[in-house]
Asker: 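Okay, here's the structure, questions in a sec.
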Protein chains: 2
Amino acid sequence: MDREATLHDVAGKVGVSPRTVSRVVNDEGGYSPETRKKVLAAIEELRYRPNMVARALITKRSGTVGLVGGDMTDPFFPALAEGIQHRAREAGQTMFFASTGSDPDRQAEVLRSFWARAVDGVIVFPALDSIDQLTDYGRRGLPIVVVDDLVEAPNVACVLFDLPEGGRLAAQHLLSAGRRRMGVISATVSPPRRRHRERGFVAALTETQGDHLPAVTAEADPTVRGGEAGFAELLSLMPDLDGIFAYNDLVAIGAMRAAAASGRRVPDDIAVVGCDDIEMSTYITPALTTIRLDRGRLSNEAVAALGDLIDAPAQRRPPVVLPVELVARESA
Amino acid sequence: MDREATLHDVAGKVGVSPRTVSRVVNDEGGYSPETRKKVLAAIEELRYRPNMVARALITKRSGTVGLVGGDMTDPFFPALAEGIQHRAREAGQTMFFASTGSDPDRQAEVLRSFWARAVDGVIVFPALDSIDQLTDYGRRGLPIVVVDDLVEAPNVACVLFDLPEGGRLAAQHLLSAGRRRMGVISATVSPPRRRHRERGFVAALTETQGDHLPAVTAEADPTVRGGEAGFAELLSLMPDLDGIFAYNDLVAIGAMRAAAASGRRVPDDIAVVGCDDIEMSTYITPALTTIRLDRGRLSNEAVAALGDLIDAPAQRRPPVVLPVELVARESA
DNA sequence: ATCGTTGACGTCAACGTTGACGCCAACGTT
DNA sequence: AACGTTGGCGTCAACGTTGACGTCAACGAT
């Protein structure tokens, strides 16, 4: 458990200055091939590893990115985190992770903590309804990528899915299956500003059928239990409901369970469309028809956008909108 | 985007030395109440935040812990990560996260990266079959908590579930339901040393029935697809199979799907017991009978063990073994 | 022969913080 | 009156690295 080797140790061994060793380590040039070889050998022998903390102190670049999430147990999230972590590591970055439980105070605390640790950038998802925090940090020079929301501020880039289109696709699919008495289950945690899928859904209904077409709405937690409760609420509003568009797949699964428990068959009596396309949606019966959101692509775009922002700060760039598609399975 | 305030700035504003400000920030004592008040006010006004990087450089404590996981998309994992992150944040630590895809080289890279960033400790899960890496870092002074494996080395503590007991419980449950022709689906990624649940299962069978009792084994990926493949393999080995113990719930779900696809009813024709108790196991039909592993408790114990290790290094401590229980639902 | 250029280094300070130590006045003790 | 103790600070160096700049020899061009 003796001290770690430093640039000084390597330099002493080779007989050059620490600065030269640093040049070799960073591929800066300004040394002869023989020196390089000797330095590399000494590094190997002493098992020298650059101290990222010291480097970060002077360069102001720590080689880390922070991921601020809502709740890791949301099945949509792990794939995102995994993708971001993977991409970041390819770029030589290490990922901090913290979840906020959708609490603005905790989000603030997390951002402070990341900032104090000199992260090179953060990816935030979901943004809650407190974007002032983000614009504030953006102004102070922190590159931020916001997933699934639109924030207009310096150093902030946005990556989101075309959820209005997702809502439209769901509506068209249900309409073309002959459904006319629709319900939407929305999420309580989702602020009104961000109800794009719901708006797209309703918009498509009115476009196609005129605004006499009924569509009732319930609010629920974005979980299976929430979906069960949401189904009950919809049913109390419209007992002869025949089509449901759910906030996400967990909610859709809950709604299907509640439908089955109430003696209704899916899709014969009630058709259900979810959103996300989590893995489990393939495996339940009936398999869930849903709006697929490509999380892998989202991760890539988010990391890429963050990289751009880090390399060329203060440059405005338009939001990246990712396409969605409807995956027709058995539930609708 | 002007420079961040430092101890010097605060000191200059108040008219004391930076060292005194540092004392106040760290609650060290050695200053008068009035000084304290003035310093605090200046800190507030200048929005001073201690620079963790500089602090880490000198104290060798960065206030970070690293989590090394296999694959975040394994449904067992997010709850663990969430719990650890939560606990760590309560202790003022920020969590690094990286997944290795169960590749020893990537695990090595991740550990190097964490080490270079001066993490105060790491939690590793699963440990793959390359524990030399871990013992090496442990010897170099890195506190390590290994989840779900036993590693005997300085600075390494272990937290694991009583999986042999889990296997026994599964066996007893299947036996008492009258099953006699058993199959086990194990995971290819799980090294032989760690097949405790399988050994417990087989041990209970032989204890109860003598060793004439057949139990066939298949290997598969720890996924739903893997479970489907594993079921086919078991069936080819023992066509009149009537009981299955699966590596985890995903595998169990796959096995149930394959059973249904082959025209067999669960649990009437084949009983299936899983392991983990992921949320989805409640929601599928038939609901899965499984060995529950309490991830929340695991997170708590892991973070607690890591905290102990950080505060009192080099002290041996016995592995923490967490109890498991069988949750009987519909599938067995 | 002189001069600028280039390559290959070395020197020094700085990043922001804390550990070790020193100083000085006020106070109580003998 | 001399002495130790304590509270309340300040000073200085160090953590390991890199940015800015300096130096010096070798070399080609004039």
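Below, chains carry the letters A, B, ... as their sequence lines are ordered, and counting in each starts from 1.
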Asker: Give the rounded distance in Å between these two atoms: CZ of B:R61 and P of C:dT17.
Answerer: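 After rounding, the gap between these two atoms is 19 Å.
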
Asker: Within this structure, what is the CD-to-C1' distance between A:E28 and C:dG10, rounded to whole angstrom?
Answerer: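 Nearest whole value for this atom pair: 14 Å.
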
Asker: Measure from CZ on A:R55 to P on C:dG16 and round the result to the nearest Å.
Answerer: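 The answer, rounded to whole Å, is 18 Å.
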
Asker: Provide, to the nearest angstrom, the distance between the NZ atom belonging to A:K38 and the C1' atom belonging to C:dC9.
Answerer: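 The answer, rounded to whole Å, is 12 Å.
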
Asker: Hey, does the side chain of B:E45 reach the backbone of B:V10 with a donor-acceptor pair shorter than 3.5 angstrom?
Answerer: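 Checking the backbone N and O of B:V10 against the side chain of B:E45, no donor-acceptor pair under 3.5 Å is found.
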
Asker: Compare side-chain N and O positions of B:S22 against OP1 and OP2 of C:dT18 and report whether any pair is under 4.0 Å apart.
Answerer: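 Yes, because at least one side-chain N or O of B:S22 sits under 4.0 Å from OP1 or OP2 of C:dT18.
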
Asker: Reading nucleotides 7-15 of chain D from the 5' end, what letters show protein touch, with B for base, S for backbone sugar-phosphate only, - for no heavy atom under 4.0 Å?
Answerer: -SBBB--BB

Asker: What is the separation between atom CD on A:E34 and atom C1' on C:dA8, rounded to the nearest whole Å?
Answerer: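 Atom CD in A:E34 sits about 11 Å away from atom C1' in C:dA8.
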
Asker: Taking side-chain hydrogen bond (donor to acceptor under 3.5 Å, both in side chains) as the definition, give me every residue that meets it alongside B:E109, ordered by chain and number, with sequence neighbours left out.
Answerer: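 Testing B:E109 for side-chain hydrogen bond (donor to acceptor under 3.5 Å, both in side chains), a comparison that skips the adjacent residues, returns none.
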
Asker: Check whether A:F114 forms a cation-pi arrangement with A:R117 (NZ or CZ under 6.0 Å from the six-membered ring centre, at most 45° off the ring normal).
Answerer: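 Judged by the rule, A:R117 and A:F114 form no cation-pi pair.
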
Asker: Could B:R193 and B:D149 be called an ion pair, given the rule that one side-chain N must be under 4.0 Å from one carboxylate O?
Answerer: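 Answer for the salt bridge query: yes.
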
Asker: So how far is it from A:S22 OG to A:L7 CG, rounded to the nearest 0.5 Å?
Answerer: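 Interatomic distance, A:S22 OG to A:L7 CG, rounded to 0.5 Å: 5.5 Å.
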
Asker: Output the rounded distance in Å from CG (B:N26) to C1' (C:dT17).
Answerer: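 Rounded to the whole Å, the gap is 9 Å.
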
Asker: Round to the nearest Å and state the distance from A:L7 atom CG to C:dT11 atom P.
Answerer: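 Interatomic distance, CG of A:L7 to P of C:dT11: 15 Å.
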
Asker: Do the charged groups of A:R19 and A:E28 touch, with an N to O distance under 4.0 Å?
Answerer: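 Result for this pair is yes, salt bridge flagged.
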
Asker: For C:dT30, give its Watson-Crick or G-U wobble partner with both distances under 3.5 Å, or none.
Answerer: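 In the structure as shown, C:dT30 has D:dA1 as its Watson-Crick or wobble partner.
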
